Amino acid sequence: MQVTSTYSARWMHNACLRRCCRLRPRGFATAPERASTSTGLPKPRLDYRDISENVVFKSHNAFNRKAALPVGAVQSVSRLYEEQKALSNTLNAKRHARSTIGDRIRTLAKDPQLKQAALDEAKALKAEISQLEERATQLEDELYALALAIPNDTHPEVPIGPESVAITLSTHGPEALPASPTRDHVSICRALDLIDLEAGATVTGSSWYYLKNESALLELALVNYALSIAMRHGFTPVTTPDVVRSDIARRCGFQPRDPVDGAASQMYHLMHSTDPVVAAESHNHPELVLAGTAEIPLAGMFANKIMAAGELPLKVVGLGRAFRAEAGARGADTRGLYRVHQFTKLELFVVSEEEKSEEMMAEMRKLQTEIFEGLGLPFRVLEMPTEELGASAYRKYDAEAWMPGRGSWGEISSTSNCTDYQARRLHIRYRRQASSTPSADNAQAQPALPFAHTLNGTAAAVPRLIVALVENGVIFNDAGEPVGLRLPKVLQQYWIGGNARGIIEWV
């Protein structure tokens with residue numbers, strides 16, 4: 001569906017709103033695909049009725065987000081849903097008729113002729129019901145595959161368009177330094193013996209790296225610093241598995257989002273055999289992937305669970321390694337540590353009541369601001385536009401730090417409210433508290449076990465923070481050579497090993 005008017009597009013938008021473990025990058029199919037249920041979880045509970053009743057809104061929303069949907073997918077869901085309802089009624093009527101014939105056959109035991117006629121009728125009905133059931137299964141598969149690919153709705157205040165139309169919500173920290181190639185983090189880190197990209201390329205490949213000396217200590221300090229703030233805000237610390245079932249990743253909404261190459265891989269898949277024939281026939285093994293973010297295993301912690309409303313919000317902060325197979329896809333961003341295949345990441349994750357998710361998003365934004373302000377970085381918070389939203393996100397804030405060596409702002413975190421998108425797929429629900437004044441209207445309007453809302457946000461994406469701290473904090477000698485780093489004093493209490501080389505200055 002095309003939008004001919006910017007005004008009408010905005011109006012419509014506002015109205016609706018993966019025994020050998022060989023690594024192999026492979027992207028999810030861009031066409032709708034029926035998700036594996038290798039996890040043993042129930043099939044995602046998709047709201048066909050909501051889609052059918054809001055075809056125009058959902059179509060415009062998918063268009064505004066540049067979702068990879070087949071032409072007419074939303075309309076097809078509506079048509080198939082109506083056909084499914086009609087078929088269900090017909091099937092129920094036929095099954096009732098078969099039951100009635102069964103009763104008649106039992107009463108016609110003494111009349112062979114009438115009994116045979118009833119038996120013939122029952123046989124014909126059985127064949128008809130079998131055909132209808134086959135069509136019902138086919139319909140459900142088609143409906144499910146199409147609906148599964150439809151992205152979440154979008155908050156009315158989200159700007160429509162590409163990254164360039166993002167809205168700056170706030171700016172923080174000191175005045176930005178002038179852009180300068182002398183502050184390039186790669187040159188500085190090499191001069192100070194903080195990274196080894198060449199060894200990373202030899203051992204693994206491009207966009208892999210070694211952190212050395214103070215940069216390795218800086219990673220540990222950043223993680224513990226951010227973790228301490230998250231815990232102070234009531235988040236429970238968790239270490240997560242870095243390998244997850246691909247079914248869990250799909251249920252979390254991870255799909256290709258590369259605007260340049262739609263087939264670009266996102267995840268590394270683990271194979272149970274190097275023999276492709278054996279691998280293809282290995283139906284008894286779940287498909288496993290390396291997690292692209294701790295958000296995926298954190299969301300999986302709550303899969304198929306029902307929480308009491310009093311337990312919510314459930315707030316966890318997870319430490320894991322993030323693996324991104326698409327790291328080399330964008331040339332300008334691949335230099336040094338900015339876009340890499342593996343990095344340490346501390347992730348915030350929240351399960352909340354549906355009415356309170358926007359409040360939780362504001363709280364998470366405040367927490368992230370506290371972390372980055374403590375690091376003394378110049379940064380800004382952006383309201384990200386529709387084309388920058390992943391399939392699961394209803395709304396997304398990004399924080400970008402000024403990186404003078406790169407000469408640009410660089411993303412250091414994001415926060416997303418996924419509303420019930422992930423919860424419907426993972427079956428995360430909660431039991432409402434009983435109302436002190438129950439009424440028939442309230443009981444009808446609100447389900448007893450609604451789907452929760454989930455939110456996620458970055459507390460620390462370590463390489464990006466190192467880039468920002470190095471480029472803003474480098475110390476030059478009179479000859480213009482890098483000789484040290486000024487690091488924020490808040491990290492000193494989390495620092496291990498002192499300052500043996502004397503290159504760190506705490507400020």
Side-chain angles (χ1 to χ4, degrees), residues 18 35-45 152 223 226-227 229-254 266-267 270 286-323 343-354 356-357 360-361 363-364 367-368 390-394 413-431 449-461:
R18 195 229 242 232
S36 161
T37 55
S38 62
T39 52
L41 292 175
K43 197 168 73 171
R45 187 88 63 83
N152 201 352
V223 167
L227 180 60
I229 294 178
M231 291 173 65
R232 199 157 64 232
H233 283 261
F235 282 76
T236 301
V238 177
T239 58
T240 66
D242 294 330
V243 176
V244 298
R245 296 176 189 252
S246 61
D247 182 35
I248 296 292
R250 290 190 182 100
R251 289 172 187 259
C252 288
F254 281 78
Q266 272 200 328
M267 307 189 101
L270 303 182
E287 184 183 45
L288 300 174
V289 296
L290 295 180
T293 168
E295 171 196 341
I296 300 170
L298 288 174
M301 279 181 67
F302 304 102
N304 209 23
K305 291 184 179 179
I306 299 173
M307 278 76 70
E311 297 178 78
L312 304 180
L314 282 167
K315 304 191 293 185
V316 293
V317 53
L319 177 62
R321 294 287 184 129
F323 296 87
F343 57 95
T344 300
K345 185 166 180 260
L346 194 66
E347 184 80 2
L348 306 167
F349 191 85
V350 176
V351 179
S352 85
E353 296 175 75
E354 56 183 348
K356 297 182 179 179
S357 61
M360 281 308 311
M361 190 176 191
E363 181 181 323
M364 292 169 72
L367 189 162
Q368 290 167 312
S392 62
Y394 173 67
S413 83
S414 67
T415 308
S416 297
N417 183 353
C418 299
T419 61
D420 66 352
Y421 182 96
Q422 294 176 332
R424 283 184 170 276
R425 288 155 174 76
L426 290 166
H427 289 263
I428 305 172
R429 295 176 291 171
Y430 66 98
R431 197 177 305 278
L449 293 173
F451 289 100
H453 281 196
T454 62
L455 304 94
N456 63 83
T458 313

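When reading the values below, keep in mind they use all heavy atoms of this one structure, side chains included, and skip hydrogens, waters and symmetry mates. What you see is a predicted model; the values in this text were computed from it and never measured.
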For this session: Only counting residues at least two apart or in another chain, list the ones meeting salt bridge (Lys or Arg N to Asp or Glu O under 4.0 Å) with Lys305.
Result: none

Seminar exercise, completed: By side-chain hydrogen bond (donor to acceptor under 3.5 Å, both in side chains), Thr419 pairs with (sequence neighbours left out) Asn152

For this session: For Thr458, enumerate each residue passing the side-chain hydrogen bond (donor to acceptor under 3.5 Å, both in side chains) test, keeping only those at least two apart in sequence or located in another chain.
Result: none

Exercise. With side chains defined as the heavy atoms from C-beta onward, is the minimum distance between Phe235 and Leu367 less than 4.5 Å?
Worked result: yes

For this session: Could you list all the salt bridge (Lys or Arg N to Asp or Glu O under 4.0 Å) pairs where at least one residue sits in residues 415-429, not counting sequence neighbours?
Result: Asp47-Arg424, Asp420-Arg424

For this session: Taking all heavy atoms of Ala423 and all of Ala452, pick out the closest pair and write down the distance.
Result: CB-O, 3.1 Å

Exercise. Can you tell me how far CE of Met307 sits from CD1 of Ile428, rounded to the nearest 0.5 angstrom?
Worked result: 6.0 Å

Problem set entry | Pair listing, salt bridge (Lys or Arg N to Asp or Glu O under 4.0 Å) test, anchored in residues 230-243, at least two apart | Arg232-Glu370

Problem set entry | Heavy-atom side-chain contact between Leu41 and Arg245 under 4.5 Å | no

For this session: Apply side chain to side chain contact (heavy atoms under 4.5 Å, CB included) to Leu319 and list each qualifying residue two or more places apart in sequence or on a separate chain.
Result: Val223, Thr344, Leu346

For this session: Could you list the residues that satisfy side-chain hydrogen bond (donor to acceptor under 3.5 Å, both in side chains) with Ser416, not counting sequence neighbours?
Result: none

Problem set entry | Ser392: side chain to side chain contact (heavy atoms under 4.5 Å, CB included) partners, not counting sequence neighbours | Cys418, Tyr421, Gln422

For this session: Only counting residues at least two apart or in another chain, list the ones meeting side chain to side chain contact (heavy atoms under 4.5 Å, CB included) with Val238.
Result: Thr240, Leu298, Met301, Val316

Exercise. Between Phe302 and Phe349, what is the ring plane arrangement, given parallel below 30°, perpendicular above 60°, and tilted in between?
Worked result: parallel

For this session: Keeping to residues at least two apart or across chains, list the side chain to side chain donor-acceptor pair (under 3.5 Å) pairs with something in residues 307-316.
Result: Lys315-Glu363

For this session: Over all heavy atoms of both residues, which pair between Glu354 and Pro450 is shortest? Give the atoms and the distance, please.
Result: OE2-CB, 4.1 Å

